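Quick caveat: nothing in here was measured; it's all calculated off a predicted structure.
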Amino acid sequence: MENEAKKSNYSGPQRVFSGVQSTGNLHLGNYLGAIRNFVDLQQDYDCIYCVVDMHAITAWQDPEELTKNTRATTAGYIACGIDPEQHIVFNQSAVSAHAELAWIFNCVARMGWLNRMTQFKDKAGRHKENASVGLFVYPNLMAADILAYKATHVPVGEDQKQHLELSRDIAQKFNNDFNVPAFFPLPEPLILGLATRVMSLRDGTAKMSKSEKSEYSRINLKDDADTIAKKIRKARTDPDPLPDNVAGLKDRPEADNLVGIYAALAKMTKKEVIERFAGAQFSTFKPELAELSVSVLAPIGEEMAKLMADPGYIDNVLRQGAERARAIADPIMAEVKKVVGFII
Ligand code: AQP
């Protein structure tokens with residue numbers, strides 16, 4: 001991976017950046033696909049973890065809810081094990097470099113590139129004429145988030161891979177257009193772990209998502225033990241018992257998803273899970289999955305609740321994080337402006 005980041009001949013420091021939108025409750029997909037990896041990467045990298053409230057407003061957010069969700073996402077980060085003192089945790093809108101660089105990238109990225117983004121097509125659906133312009137240029141803001149810090153590595157779930165490729169294209173085009181080879185690194189996606197795409201508990205073909213209306217489609221990090229167990233009990237399945245090999249999960253999206261969740265939570269392979277539960281009915285498997293889920297997630301939920309009871313503490317974490325983020329991004333923005341020809 002590090003070799004990839006060096007393909008632009010970028011020789012600056014290795015740095016991790018990632019973010020989560022404050023659009024609602026953090027869920028198991030955010031945890032397994034992203035936040036658990038954020039935590040692990042703290043060992044080896046300087047990390048910047050952002051609550052991307054500007055991305056959140058690409059779809060309408062009630063202002064009071066947005067504030068609450070930004071605090072809850074921050075609490076989720078810390079409860080999962082992100083250390084805001086060793087690393088940097090802040091909310092995107094507090095650092096103006098994100099918006100400034102996004103504008104420059106709006107002028108670097110091509111319409112054709114953005115027209116190919118599948119997430120825009122999925123989210124805008126048939127009402128694309130009614131979608132916000134922000135939703136369309138969301139990937140340009142994401143590129144700005146990363147490159148405002150010249151971050152080299154970006155841990156994300158599978159769904160963000162295409163956006164990361166666009167960030168690399170933007171970095172490369174900027175470097176070429178302004179004849180500043182290796183000015184920006186080409187950021188490398190880190191799609192890690194065993195559950196890079198966790199699916200809805202109600203539909204094994206749809207991604208688990210914060211904005212899905214049904215609460216039963218996802219396990220939230222703040223759910224208590226009873227709620228987690230109930231959601232797993234009610235999770236959609238098919239009538240067959242679990243197969244005795246992984247190939248038998250093919251064309252059984254709900255079974256495949258539940259086995260994948262078990263594997264990721266237990267840090268086992270799917271093969272090992274299938275070997276343990278070969279031939280078992282869901283009435284046997286689901287209580288085991290519920291117990292495992294509660295053992296991993298309930299302590300996180302409890303810690304989140306404690307943190308949320310002290311919004312002053314959360315706001316202070318964000319304020320201090322933003323200050324440290326600005327100290328990195330502001331000098332980079334000054335360089336960018338000089339490269340572009342803006343008088344500063
Ligand atoms: N279901 C998922 N499985 C694995 N990873 C996931 N991620 C999101 N859903 C899953 C990863 O979590 C990080 C933060 O995502 P985000 O909140 O910024 O945006 P998203 O991908 O659009 O997530 P949601 O939950 O679907 O939000 P809404 O409903 O607001 O659009 C990313 O790294 C993402 O890959």
A.B. asks: Run the salt-bridge test on R116 and E165 with the 4.0 Å N-O cut-off and return the result as yes or no.
C.D. replies: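 So R116 does not pair with E165 through a salt bridge.
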A.B. asks: When hydrophobic residues are tied together by side-chain contacts of less than 4.5 Å, even through go-betweens, does F105 share a cluster with I146?
C.D. replies: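 Result: yes, single cluster for both.
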A.B. asks: Shared ILVMFWY cluster between M117 and L147, side chains joined below 4.5 angstrom?
C.D. replies: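 M117 clusters together with L147.
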A.B. asks: Side chain of K270, backbone of G260: donor and acceptor closer than 3.5 Å?
C.D. replies: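 No.
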A.B. asks: Is the count of non-hydrogen atoms from other residues, nucleotides or ligands lying under 6.0 Å from D330 atom CG greater than 12?
C.D. replies: yes
A.B. asks: Taking all heavy atoms of L164 and all of P189, pick out the closest pair and write down the distance.
C.D. replies: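 Scanning both residues completely, I find the closest heavy atoms to be CG-CB, 3.8 Å.
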A.B. asks: What about the rings of F90 and H98, do their centers lie closer together than 6.0 Å?
C.D. replies: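 Here the rings of H98 and F90 have centres that are less than 6.0 Å from each other.
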A.B. asks: Less than 3.5 Å apart, any donor N or O on the side chain of N220 or E215 sitting next to an acceptor on the other?
C.D. replies: yes
A.B. asks: Are any of the side-chain nitrogens in K230 or D223 under 4.0 Å away from the carboxylate oxygens of its partner?
C.D. replies: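 Salt bridge: no.
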A.B. asks: Look only at the side chain of D53 and the backbone of S93, and say whether a donor-acceptor pair between them is shorter than 3.5 Å.
C.D. replies: yes
A.B. asks: Do the side chain of R324 and the main chain of E85 share a donor and acceptor less than 3.5 angstrom apart?
C.D. replies: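 Flag set: sc R324 to bb E85 pair under 3.5 Å.
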A.B. asks: So which heavy atom on P155 is nearest to which on V16, and how close?
C.D. replies: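 That closest heavy-atom pairing would be CD-CG1, 3.6 Å.
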A.B. asks: Looking only at the side chains, is there a donor atom on one of Q119 and Q160 sitting less than 3.5 Å from an acceptor on the other?
C.D. replies: yes
A.B. asks: Is it true that, when you exclude E291 itself, more than 12 heavy atoms of the residues, nucleotides or ligands shown sit nearer than 6.0 Å to its CD?
C.D. replies: no
A.B. asks: Mind checking whether L289 and L194 sit in one hydrophobic cluster, side chains of I, L, V, M, F, W, Y counted as touching below 4.5 Å?
C.D. replies: no
A.B. asks: Could you measure the distance from the CD1 atom of I328 to the CD atom of E323? Nearest 0.5 Å is fine.
C.D. replies: 12.5 Å
A.B. asks: What do you reckon, is NZ of K222 surrounded by more than 12 foreign heavy atoms closer than 6.0 Å?
C.D. replies: no
A.B. asks: Between V154 and S18, what is the shortest heavy-atom contact and its length?
C.D. replies: CG1-OG, 4.3 Å
A.B. asks: Specify whether F120 and F136 have parallel, tilted or perpendicular ring planes, treating 30° as the upper limit for parallel and 60° as the lower limit for perpendicular.
C.D. replies: perpendicular
A.B. asks: Would you call R276 and E288 a side-chain contact if the rule is heavy atoms closer than 4.5 Å?
C.D. replies: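 A side-chain contact is absent here, since even the closest heavy-atom pair is not under 4.5 Å.
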A.B. asks: Do the side chains of L190 and F184 join up, straight or via other hydrophobic residues, at under 4.5 Å, putting them in one cluster?
C.D. replies: no
A.B. asks: Roughly how far apart are H55 NE2 and D145 CG, rounded to 0.5 Å?
C.D. replies: 4.0 Å
A.B. asks: Side chains of P187 and H153: closer than 4.5 Å at any heavy-atom pair?
C.D. replies: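 Contact flag for P187/H153 side chains = no.
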A.B. asks: Do L26 and Y31 make a side-chain contact, defined as non-hydrogen atoms from C-beta onward lying under 4.5 Å apart?
C.D. replies: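 No; the side chains remain at least 4.5 Å from each other.
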A.B. asks: So, for P84 and V317, which heavy atoms are closest and what is the spacing to 0.1 Å?
C.D. replies: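 Looks like CB-CG1, 3.7 Å.
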A.B. asks: Could you pull out all donor-acceptor pairs under 3.5 Å where a side-chain atom in residues 239-249 meets a protein atom, sequence neighbours excluded?
C.D. replies:
from	atom 1	to	atom 2	distance (Å)
N245	OD1	A247	N	3.2
N245	OD1	G248	N	3.0

A.B. asks: Please give me the minimum heavy-atom distance between T152 and Q14, naming the atom from each residue.
C.D. replies: OG1-CA, 3.3 Å
A.B. asks: Between E335 and K338, is there a side-chain N and carboxylate O pair less than 4.0 Å apart?
C.D. replies: no
A.B. asks: Check whether any side-chain heavy atom of V95 sits under 4.5 Å from a side-chain heavy atom of Y149, and report yes or no.
C.D. replies: yes
A.B. asks: With under 30° as parallel and over 60° as perpendicular, where do the rings of F277 and Y262 fit, or are they tilted in between?
C.D. replies: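 The arrangement is perpendicular - the two ring planes meet at more than 60°.
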A.B. asks: What's the shortest heavy-atom distance between P287 and T284, and which atoms?
C.D. replies: CD-O, 3.3 Å
A.B. asks: Sub-3.5 Å donor-acceptor pair from the side chain of Q92 to the main-chain atoms of M54, do we have one?
C.D. replies: yes
A.B. asks: Quick check for you: to the nearest 0.5 Å, what is the distance between L221 atom CG and H27 atom NE2?
C.D. replies: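 Answer for the CG-NE2 pair, L221 versus H27, is 8.5 Å.
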A.B. asks: Could you walk me through whether F342 and E100 pass side chain to side chain contact (heavy atoms under 4.5 Å, CB included), step by step?
C.D. replies: CA-CA 12 Å; F342 291 163; E100 291 184 62; over 6 Å; no
A.B. asks: Apply the test side chain to side chain contact (heavy atoms under 4.5 Å, CB included) to residues Y313 and L307: give CA-CA distance (whole Å), side-chain angles for both, the deciding distance (0.1 Å), then the verdict.
C.D. replies: CA-CA 8 Å; Y313 167 75; L307 290 163; 3.7 Å; yes
A.B. asks: In Å and rounded to the nearest 0.5 Å, what is the CD1 to CZ distance from I48 to R15?
C.D. replies: 5.5 Å
A.B. asks: Please evaluate residues V20 and Y77 with respect to the criterion side chain to side chain contact (heavy atoms under 4.5 Å, CB included), reporting the C-alpha separation (whole Å), side-chain torsions for both, the decisive distance (0.1 Å), and the verdict.
C.D. replies: CA-CA 9 Å; V20 173; Y77 277 178; 3.6 Å; yes
A.B. asks: Would V273 and L28 show up in the same hydrophobic cluster when neighbours are defined by side-chain heavy atoms closer than 4.5 Å?
C.D. replies: yes
A.B. asks: What side-chain donor-acceptor pairs closer than 3.5 Å can you find for residues 198-207, not counting sequence neighbours?
C.D. replies:
from	atom 1	to	atom 2	distance (Å)
S200	OG	R202	N	2.9
S200	OG	D203	N	3.2
R202	NH1	K234	O	2.6
D203	OD1	T205	N	2.8
D203	OD1	T205	OG1	2.6
D203	OD2	T205	OG1	3.4
K207	NZ	D159	OD2	2.8

A.B. asks: Without swapping roles, check the side chain of R218 against the backbone of E212 for a donor-acceptor pair under 3.5 Å.
C.D. replies: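 Yes; at least one donor-acceptor contact below 3.5 Å.
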A.B. asks: In a table with atom names and distances, give each donor-acceptor pair under 3.5 Å that connects a side chain of residues 62-76 to protein atoms at least two apart or in another chain.
C.D. replies:
from	atom 1	to	atom 2	distance (Å)
D62	OD2	E64	N	3.2
D62	OD2	E65	N	3.0
E65	OE2	K68	NZ	3.4
T67	OG1	P63	O	3.1
N69	ND2	E65	O	3.3
T70	OG1	S22	OG	3.1
T70	OG1	L66	O	2.9
R71	NE	D315	OD1	2.7
R71	NE	D315	OD2	3.4
R71	NH2	D315	OD2	2.9
T73	OG1	N69	O	2.7
T74	OG1	T70	O	2.7

A.B. asks: Any chance you could measure L114, atom CG, to N106, atom CG, to the nearest 0.5 Å?
C.D. replies: 8.0 Å
A.B. asks: Between atom CD1 of I57 and atom CD of Q21, what is the distance when rounded to the nearest 0.5 Å?
C.D. replies: 11.0 Å
A.B. asks: Is the ring pair F282/F285 parallel, tilted or perpendicular, if the boundaries are 30 and 60 degrees?
C.D. replies: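 F282 and F285: perpendicular rings.
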A.B. asks: State, yes or no, whether a side-chain contact exists between V39 and C80 at a heavy-atom distance under 4.5 Å.
C.D. replies: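 In contact.
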A.B. asks: Would V156 and K161 count as a side chain to side chain contact (heavy atoms under 4.5 Å, CB included) here? Give the steps.
C.D. replies: CA-CA 7 Å; V156 283; K161 191 165 175 239; 5.9 Å; no
A.B. asks: For this output row, return yes or no: ring centroids of F183 and F174 closer than 6.0 angstrom.
C.D. replies: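 Here the rings of F174 and F183 have centres that are less than 6.0 Å from each other.
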A.B. asks: With a 4.0 Å cut-off on N to O distance, would you call K173 and D177 a salt bridge?
C.D. replies: yes
